[in-house]
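Down below is the structure, laid out as structure tokens.
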Amino acid sequence: MSETRRKLTTIFCADVQDYTRLMGADEEGTLAALKRCREAMGRLIESHGGRVINTWGDGLIADFPSVVEAVRAAVDTQNELAGFNARRPEDGRMLFRIGINLGDVIVEEDDIYGDGVNIAARLQASASAGGIVISSTVYDQVRNKVAVGFEFLGPLMVKNVDEGVPSYAVKIGDAKDEMPPPQRPGPARPQPAAEIAEASPRPGRRRQFAVLGVIAAVLIGINLLSWQGVFWARFPVLALAVVAAFAWNRNQILFNRKITSLAIVALGIVGINLFTWTGQFWAVWPILGIAAVIGLRWSMRR
């Protein structure tokens, strides 16, 4: 009996568009940006239950037990990296292409091989800068489970695979608000990079923070103008501050988002304790519990 192990898994491949040009223009800056983007991508892959298998040059390969979580990780990755690239000059942006395939692979130690991996790599190579392309095996599993649109690209020819692999571009950005049925007619075309640029959450976040700030100012103004000796506005203002912190955390790529969420909750509890001060710092106990959870998560990171 053969000792070769096989498994059915979701393969996630990514690399950087125009990496050679970026390295030629600024080696140190490009390597620093690549490291930062990979760290963000690794955190997102891990948070969606995936595992980074290997990295080489500008490439990365991971696998996921869940097809849905693999696509969600890819969408989250492109959205977060869009925010990162929005702060960089246009000719220095680090745009990743991602390909995802569900297939049977050969497992050797911590690595995987086979046509399933080759197809994912070919899908990645056909993606536009900042885009995602998935195989039909992935599309069949996620089409009604992930809030994005899909565009049918037609069959993709892959080496050592006799028949073309039907592929779909994942439409992120404005397409997240609706899920139109895939369009099959017409020649295959890559998703324009302009559609990906629209996925940047920064303008919307600024508006959200501005609205929350105005609401807080209005509440404080009402409290002061109707002053009866009680600063009741402190509680809704604290709630608005927590909402703003969670909104910021949802799109930031500097820190682990789950750990940061726990830290925000801890600060909110401290605020409640201070605003209802009766001479006892009772918040120390829930903060201790949160600190223990953060410590466990930090120690278990790979």
Side-chain angles (χ1 to χ4, degrees), residues 7-14 41 43-51 61-83 96-105 112 115-117 119-128 130-156 158 161 163-201 204 246-247 250-251 257-258:
K7 72 175 181 178
L8 182 67
T9 191
T10 309
I11 306 103
F12 175 114
C13 283
M41 190 180 300
R43 288 196 299 270
L44 287 169
I45 289 171
E46 182 180 356
S47 70
H48 284 278
R51 173 181 67 106
I61 183 169
D63 72 343
F64 292 77
S66 166
V67 187
V68 172
E69 291 302 322
V71 174
R72 286 174 175 167
V75 172
D76 285 352
T77 293
Q78 296 294 31
N79 281 334
E80 292 209 9
L81 295 184
F96 278 80
R97 303 174 299 184
I98 298 176
I100 304 176
N101 178 48
L102 172 65
D104 192 82
V105 298
I112 57 176
D115 288 341
V117 179
I119 291 172
R122 183 66 181 87
L123 293 167
Q124 164 255 301
S126 69
S128 61
I132 305 165
V133 173
I134 63 176
S135 64
S136 59
T137 55
V138 173
Y139 170 77
D140 290 341
Q141 299 296 320
V142 305
R143 58 184 176 179
N144 296 320
K145 298 182 180 72
V146 182
V148 293
F150 301 94
E151 179 182 358
F152 184 65
L153 300 180
L156 182 69
V158 180
V161 177
E163 298 181 358
V165 177
S167 59
Y168 296 79
V170 178
K171 301 182 68 175
I172 55 181
D174 292 341
K176 293 171 69 175
D177 297 328
E178 52 183 287
M179 296 179 60
Q183 301 298 316
R184 292 179 177 267
R189 66 175 181 88
Q191 185 181 3
E195 291 183 19
I196 304 301
E198 293 175 0
S200 172
F246 276 116
R250 187 167 58 248
N251 294 291
R257 289 191 295 173
K258 290 186 177 180

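What you see below is based on every heavy atom in this structure, not just the backbone, and it leaves out hydrogens, waters and symmetry mates.
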Closest approach of Ala121 and Cys13, non-hydrogen atoms and distance?
-> N-SG, 3.9 Å

Considering all heavy atoms, the nearest Val133-Ser126 contact = CG1-OG, 3.9 Å

Hey, does Val142 have a side-chain heavy atom less than 4.5 Å from the side chain of Phe150?
-> yes

Set of side chain to side chain donor-acceptor pair (under 3.5 Å) partners for Thr137, sequence neighbours left out = Asn101, Ser135

Spacing of OG belonging to Ser136 relative to CG belonging to Leu153, to within rounding of 0.5 Å = 11.5 Å

Quick one: side chain to side chain donor-acceptor pair (under 3.5 Å) partners of Glu69, sequence neighbours excluded?
-> His48, Arg72

Non-neighbouring partners of Ala74 that pass side-chain contact (heavy atoms from CB on, under 4.5 Å), sequence neighbours left out = Phe12, Ile98, Ile100, Ile132

Sequence neighbours left out, what passes side chain to side chain donor-acceptor pair (under 3.5 Å) with Thr77? Give chain and number order.
-> none

Would a 4.5 Å heavy-atom cut-off, applied to side chains only, mark Met41 and Phe96 as touching?
-> yes

List in chain and number order the residues that pass salt bridge (charged side-chain N to carboxylate O under 4.0 Å, His left out) with Asp140, two or more places apart in sequence or in another chain; answer none if no residue qualifies.
-> none

Closest heavy-atom pair and its distance - Lys145, Val68 | CD-CG2, 3.6 Å

Taken to the nearest 0.5 Å, the spacing of Gln78 CD from Leu44 CG works out to 10.5 Å

Sidechain-backbone polar pair: Thr9 side chain, Pro65 backbone, donor-acceptor under 3.5 Å = no

Please name the pair of heavy atoms, one in Phe152 and one in Ser167, separated by the smallest distance, quoted to 0.1 Å.
-> CD1-O, 3.6 Å

Can you check side chain to side chain contact (heavy atoms under 4.5 Å, CB included) on Asp63 and Lys7, steps first, answer last?
-> CA-CA 11 Å; Asp63 72 343; Lys7 72 175 181 178; 2.8 Å; yes

Checking Val67, Val71, Ile134 against Tyr139 for side chain to side chain contact (heavy atoms under 4.5 Å, CB included), the one that qualifies is Ile134

Which heavy atom of Gly116 sits nearest a heavy atom of Val105, and at what distance?
-> CA-CG1, 4.3 Å

Ile45 and Ala62 have their tightest heavy-atom pair at CD1-CB, 3.9 Å

